[in-house]
**Q** 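Take a look at the following structure, please.
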There are 2 protein chains.
Amino acid sequence: MPEDVELLSLAARRPVERADAARNRRLVLDAAARLFAEHGVDGVSMDAVAREAGVGKGTVFRRFGDKSGLAAALLDDRERELQKGILSGPPPLGPGAPAAERITAFIGAYFDYLAGHLDVSRLSETAVPGARYRIGAYRFWHRHLAILIHEADPSADADHLSHMLLAALSADLVHALRADGHDWERIRAGVLDLAARVIPSGRDV
Amino acid sequence: MPEDVELLSLAARRPVERADAARNRRLVLDAAARLFAEHGVDGVSMDAVAREAGVGKGTVFRRFGDKSGLAAALLDDRERELQKGILSGPPPLGPGAPAAERITAFIGAYFDYLAGHLDVSRLSETAVPGARYRIGAYRFWHRHLAILIHEADPSADADHLSHMLLAALSADLVHALRADGHDWERIRAGVLDLAARVIPSGRDV
DNA sequence: TCGATAATCGGACCGCAGTCCGGTTGGTAT
DNA sequence: ATACCAACCGGACTGCGGTCCGATTATCGA
C-alpha cells in the first residue's frame with residue numbers, strides 16, 4: 001500500500017508550534033464553528049470570526065491563508081476519520097477488497113461525509129477559484145481514487161478519470177442539485193451509478 | 001424535437017430596449033473584451049470596465065447583474081453558434097444521428113468551445129458560487145444532454161447524469177488540469193472516454 | 001537567569017464587488 | 001409638438017476579503 005505517504009504528509013506539523021499560536025488556532029476554529037452554526041456560512045465575515053475569537057484579523061489570515069483555508073481547517077477532523085478508514089479500516093473501504101468494490105465504498109462514504117458538511121465544504125471549494133484542487137485533502141481523495149481506478153482498469157487515464165469522478169462530487173454541484181429539488185438519496189444513487197458505469201465491477205469491458 | 005423552446009427563451013428580449021441602453025451595453029462589452037485581452041481576466045476590475053466604457057459603475061451592474069454575468073454575456077455570441085449547430089446543424093451534432101453519437105459530438109464541440117474561451121468561462125462559472133447552474137446557457141447544455149441521455153438509455157437518471165457529465169467539463173476543473181500539466185488532447189480524450197463509458201455507443205449495457 | 005532572535009500578534013489600511021437614489025433622458029399617447 | 005412617465009444613468013457609499021508593518025512575546029543559547 002504505497003498510499004500512506006499521503007497521510008504522513010498531511011500530518012506533518014511545523015517543528016514546533018508556539019503555545020500562543022496553538023491557543024489562538026483553537027480559539028479561531030471554535031469561534032468559526034459557533035458563528036457558522038448560528039448565522040449560516042454566508043452570514044459570517046472574517047472580521048466577525050476574528051472578533052468572536054478575540055483575535056486580530058491578521059492572525060486569522062496568517063494561519064489559514066484565506067476564507068476557504070479556514071473552512072478547510074474546520075473540516076480537518078472529519079476528513080482524517082475518513083482517511084483513516086481508507087488507509088487502515090476494514091474492507092471494502094479499507095484495504096483488502098477488490099478495487100471496484102473499494103471505489104464504490106469510497107464514493108458512498110465520501111458522499112455521506114459531504115452531505116454532512118455541505119455548506120462548509122462548499123465554502124472551502126468555492127470561496128477562491130481553484131481552491132478545491134490545491135487543498136491537501138482533495139489530493140488525498142484524488143490519489144486514492146486514481147490508484148484504485150488504475151488497479152481496476154489499467155487501460156484508463158486514471159488520473160483524469162479520478163478528477164472527473166470527484167467533479168461529480170463537488171459541493172457546488174450537489175448544492176445546486178439540492179436547490180433543484182433532488183433529494184439526498186437520489187443524488188447518492190446517481191453518483192454510485194456513475195461510478196458503476198465507469199468502472200464495471202464484474203467481468204468484461 | 002421539443003428542444004427549440006430553449007433557444008427561444010434565451011433569445012427572448014425585453015419588449016424594447018432603449019437606444020442609449022443598447023449603445024451602453026455594446027460599449028461595456030467591447031471595453032471588457034479589450035481589457036480582458038490586454039490585462040488578463042484576473043487583472044480587470046469592474047470599475048476599470050466601467051471607466052474604459054465611459055459609463056457609470058451602476059450601469060454595468062444593472063445590466064449584467066454581477067461579474068460572472070458580464071463574463072457570460074461576453075460568451076453569448078459563441079454560445080449561440082454552438083446552440084445553432086445543435087438545434088439545426090448537420091448531424092451528428094445536429095438532429096438526425098443516433099443519440100449516442102450526438103452525445104459524443106456535443107461533448108467534443110463543447111470542449112473545443114471551452115478550450116477557446118477558458119479564462120472567460122472560468123470567470124463566468126466561479127466568480128459567484130453557484131453561478132454556473134443559474135446561467136441560461138448551462139441550462140441549455142444540460143437539457144440537451146439530458147434529452148439525448150434519456151434517448152440512449154431510458155433507465156438512467158438522465159437529469160443527474162447530464163449534470164455530472166457537464167461537471168467533468170467545468171472550466172475550473174479543466175483549468176486545474178492544465179495547470180497540472182495535462183495537455184489539451186489528453187483532457188479532450190479523457191472527457192470523450194468518460195462519455196463512452198457512461199453511454200455505451202454500440203449494443204448492450 | 002537573562003539577553004538575542006525569530007515568530008507571532010493585531011489593527012490600520014487598501015482595492016474591489018455590489019448597492020442606492022436623485023437627476024436625466026428616451027419612448028409614447030394625445 | 002408636447003407633456004408625461006418609466007426606464008436609465010452614474011457616482012457616492014458600504015462592507016468584505018486580504019495585506020502590511022510596528023509592537024509584542026515565546027523560545028533557545030550562554
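Protein chains get the first letters and strands the later ones, always in sequence-line order, with residue 1 at the start of each. Everything numeric here is computed off the predicted structure, so don't read it as measured data.
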**Q** Could you state the atom-to-atom distance from CE of B/M46 to C1' of C/dG15 in whole Å?
**A**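 For the pair B/M46 CE and C/dG15 C1', the rounded distance is 15 Å.
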**Q** For the atom pair OG (B/S121) and OH (B/Y110), what is the distance rounded to the nearest 0.5 Å?
**A**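 Separation between the atoms: 6.0 Å.
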**Q** In the structure I gave you, are the side-chain heavy atoms of B/D153 and B/L161 within less than 4.5 Å of one another anywhere?
**A**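 No, side chains not in contact.
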**Q** Salt bridge check, A/D47 against A/K57: does any charged N sit closer than 4.0 Å to a carboxylate O?
**A**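 Salt bridge present between A/K57 and A/D47.
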**Q** Might you list the N or O atoms of the protein lying below 3.5 Å from N or O atoms in nucleotides 26-30 of chain C, with each pair's distance?
**A**
| from | atom 1 | to | atom 2 | distance (Å) |
| --- | --- | --- | --- | --- |
| C/dG27 | OP1 | B/A19 | N | 3.3 |

**Q** Taking atom P of D/dT19 as reference, at what distance in whole Å does atom CZ of A/F64 sit?
**A**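 So the two atoms are 15 Å apart, to the nearest Å.
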**Q** Can you check the B/H39 NE2 to C/dG15 C1' distance for me, whole Å?
**A**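 Going from B/H39 (NE2) to C/dG15 (C1'), I get 16 Å.
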**Q** Whole angstrom is fine here: how far is it from CZ in B/R25 over to C1' in D/dC9?
**A**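 Those two atoms, CZ and C1', are 16 Å apart.
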**Q** In whole Å, I'd like the distance from the CZ atom of A/R63 to the P atom of D/dG18.
**A**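 Distance check: A/R63 CZ to D/dG18 P gives 17 Å.
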**Q** Indicate the ring-plane relationship of B/H163 and B/Y138, choosing parallel, tilted or perpendicular according to the 30° and 60° boundaries.
**A**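 It falls in the parallel class, under 30°.
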**Q** Expressed as a whole number of angstroms, how long is the span from B/L27:CG to D/dC8:C1'?
**A**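 After rounding, the gap between these two atoms is 14 Å.
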**Q** Can you tell me how far P of C/dC16 sits from CG of B/L123, to the nearest Å?
**A**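 For the pair B/L123 CG and C/dC16 P, the rounded distance is 15 Å.
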**Q** Check the side chains of B/D159 and B/H142 for a donor-acceptor pair under 3.5 angstrom, ignoring hydrogens and angles.
**A**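 Present: a donor and an acceptor within the cut-off.
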**Q** Extract from the structure each pairing of a protein N or O with an N or O of nucleotides 10-13 of chain C at less than 3.5 Å, listing the distance.
**A**
| from | atom 1 | to | atom 2 | distance (Å) |
| --- | --- | --- | --- | --- |
| C/dG10 | OP2 | A/G56 | N | 3.3 |
| C/dG10 | OP2 | A/T59 | OG1 | 3.4 |
| C/dG11 | O6 | A/G58 | N | 3.2 |

**Q** Heavy atoms only: give me the nearest A/A168-A/V191 pair and the separation to one decimal.
**A**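 Here A/A168 and A/V191 meet closest at O-CG2, 4.2 Å.
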**Q** Whole angstroms only, please: what is the CG-P distance between B/D42 and D/dG18?
**A**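 Nearest whole value for this atom pair: 14 Å.
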**Q** Check the pair B/E101 / B/T104 against side-chain contact (heavy atoms from CB on, under 4.5 Å), numbers first and verdict last.
**A** CA-CA 5 Å; B/E101 287 177 32; B/T104 300; 5.7 Å; no
**Q** CZ of B/R26: more than 12 outside heavy atoms within 6.0 angstrom?
**A**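 Result for CZ/B/R26: open.
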**Q** So for atom CZ, which belongs to A/R78, do other residues, nucleotides or ligands contribute more than 12 heavy atoms lying within a distance under 6.0 Å?
**A**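 Atom CZ in A/R78 is not crowded, with 12 or fewer foreign heavy atoms closer than 6.0 Å.
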**Q** Under 4.0 Å, counting only non-hydrogen atoms across every strand here, what does B/V128 touch: a base, just sugar-phosphate, or nothing?
**A**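 Touches sugar-phosphate only.
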